[in-house]
Amino acid sequence: GENVEQHPSTLSVQEGDSAVIKCTYSDSASNYFPWYKQELGKGPQLIIDIRSNVGEKKDQRIAVTLNKTAKHFSLHITETQPEDSAVYFCAASIPNAGNMLTFGGGTRLMVKP
Amino acid sequence: KAGVTQTPRYLIKTRGQQVTLSCSPISGHRSVSWYQQTPGQGLQFLFEYFSETQRNKGNFPGRFSGRQFSNSRSEMNVSTLELGDSALYLCASSLGTSSNQPQHFGDGTRLSIL
């Protein structure tokens, strides 16, 4: 089955700096890659996603890149703010598996004011 | 538009009991998936329901079951509870059941087994 690895497990940055979180996946058939932000006491919130026919997608300060050949995708957050502090999860899904998502282990991002 | 609603938010049970958790999807969403989140295993897929039918199942024992009603609301049941079942149980809904549909999560039910 699909396996998703996520690095780093913790990331500390100064406010205003950029943060990058990387994920690799094992199943070359994977075609959908969402990113979620989870704050304490809340469920994961979808912040951006990318499909396999696209190499990059941006939404304000957040961007995701996908390299299908290398089977990895990354989340980029620019101009970080304290409210970006949370745990971030990457995930992947494969065709013919419905909505089943395989998640990475998570990255705890801390933005220091 | 209301988000995914899960009830109850917290539950405390003892070993051997059973429990039922409820999930109301976003209006218009017909697919509901359930996940278990623990510090050790992370987020793991339990099962997915669409049109009252289980479409996919993760690698969990038969003590974990679910169902979906005609209004797309879903319940999951865990029987003969074990200490290791302590976790945050999350429900996610999406419009359909294809693999590239955005899924939106509720805030979960935190289940503690004593």
Side-chain angles (χ1 to χ4, degrees), chain A residues 1-7 9-10 21 23 25 27-54 57 59 62 64 66 68 73 86-108, chain B residues 3-7 9-10 21 23-26 29-51 53-60 68 72 74 87-110:
Chain A
E2 174 71 285
N3 183 50
V4 177
E5 295 197 358
Q6 183 172 345
H7 299 281
S9 56
T10 60
I21 303 170
C23 289
Y25 59 99
D27 195 325
S28 57
S30 292
N31 67 346
Y32 176 64
F33 308 90
W35 285 88
Y36 289 87
K37 174 185 180 182
Q38 187 173 27
E39 296 173 297
L40 201 60
K42 298 281 188 74
Q45 175 195 359
L46 179 65
I47 57 172
I48 196 167
D49 57 9
I50 192 167
R51 291 172 176 78
S52 58
N53 59 345
V54 176
K57 184 176 178 181
D59 183 3
I62 293 173
V64 58
L66 171 65
K68 287 191 296 182
F73 55 114
V87 180
Y88 291 80
F89 292 95
C90 63
S93 70
I94 58 177
N96 304 319
N99 280 325
M100 184 178 76
L101 291 173
T102 301
F103 283 86
T107 297
R108 181 173 299 280
Chain B
V4 177
T5 304
Q6 292 188 245
T7 56
R9 288 295 314 276
Y10 303 93
L21 313 181
C23 172
S24 293
I26 292 171
H29 284 195
R30 296 174 60 198
S31 171
V32 172
S33 298
W34 289 88
Y35 292 82
Q36 181 195 64
Q37 185 175 27
T38 59
Q41 300 298 316
L43 279 150
Q44 291 187 290
F45 174 80
L46 279 156
F47 27 65
E48 177 195 359
Y49 286 87
F50 180 80
S51 292
T53 302
Q54 187 180 92
R55 296 301 178 107
N56 289 289
K57 190 177 192 310
N59 189 24
F60 279 83
Q68 187 180 35
S72 296
S74 177
L88 180 66
Y89 289 89
L90 293 159
C91 164
S93 76
S94 64
L95 281 169
T97 192
S98 64
S99 65
N100 60 2
Q101 295 269 353
Q103 294 183 60
H104 301 275
F105 283 83
D107 287 335
T109 294
R110 183 160 298 281

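In what follows, chains are A, B, ... by sequence order, proteins preceding strands, each numbered from 1.
Counting heavy-atom pairs under 4.5 Å between each of A/Gly104, A/Ala97, A/Gly105 and chain B puts A/Ala97 at the top. Of the listed residues (A/Gly98, A/Gly43, A/Ser52), the greatest number of heavy-atom pairs within a distance under 4.5 Å of chain B belongs to A/Gly98. In terms of heavy-atom pairs under 4.5 angstrom with chain B, the leader among A/Pro34, A/Ser30, A/Ser93, A/Gly1 is A/Ser93.
Counted within 6.0 Å of CZ on A/Arg108, heavy atoms from surrounding residues, nucleotides or ligands total 12 or fewer; the atom is thus considered open.
If you measure heavy-atom distances from B/Leu43 to chain A, the contacts under 4.5 Å come from both the backbone and the side chain. In this structure, no portion of B/Arg110 lies under 4.5 Å from any heavy atom of chain A. Of the two parts of B/Gln37, only the side chain, counted from C-beta on, holds a non-hydrogen atom closer than 4.5 Å to a non-hydrogen atom of chain A. Contact annotation for A/Gln38: only side-chain heavy atoms (C-beta onward) come within less than 4.5 Å of a heavy atom of chain B. With a threshold of 4.5 angstrom between heavy atoms, B/Leu88 approaches chain A through side-chain atoms but not through N, CA, C or O. Using a 4.5 Å cut-off between heavy atoms, A/Phe33 makes no contact with chain B at all.
Of all heavy-atom pairs between A/Asn96 and B/Asn56, the closest is O-OD1, 4.5 Å.
Proximity of B/Gln103 to A/Leu46: side-chain heavy atoms (C-beta onward) are nowhere separated by under 4.5 Å. For the pair A/Leu101 and B/Tyr35, the minimum side-chain heavy-atom distance is below 4.5 Å.
Looking only at atom types and distance, the side chain of A/Asn99 has a donor-acceptor partner in the side chain of B/Ser31 under 3.5 Å away.
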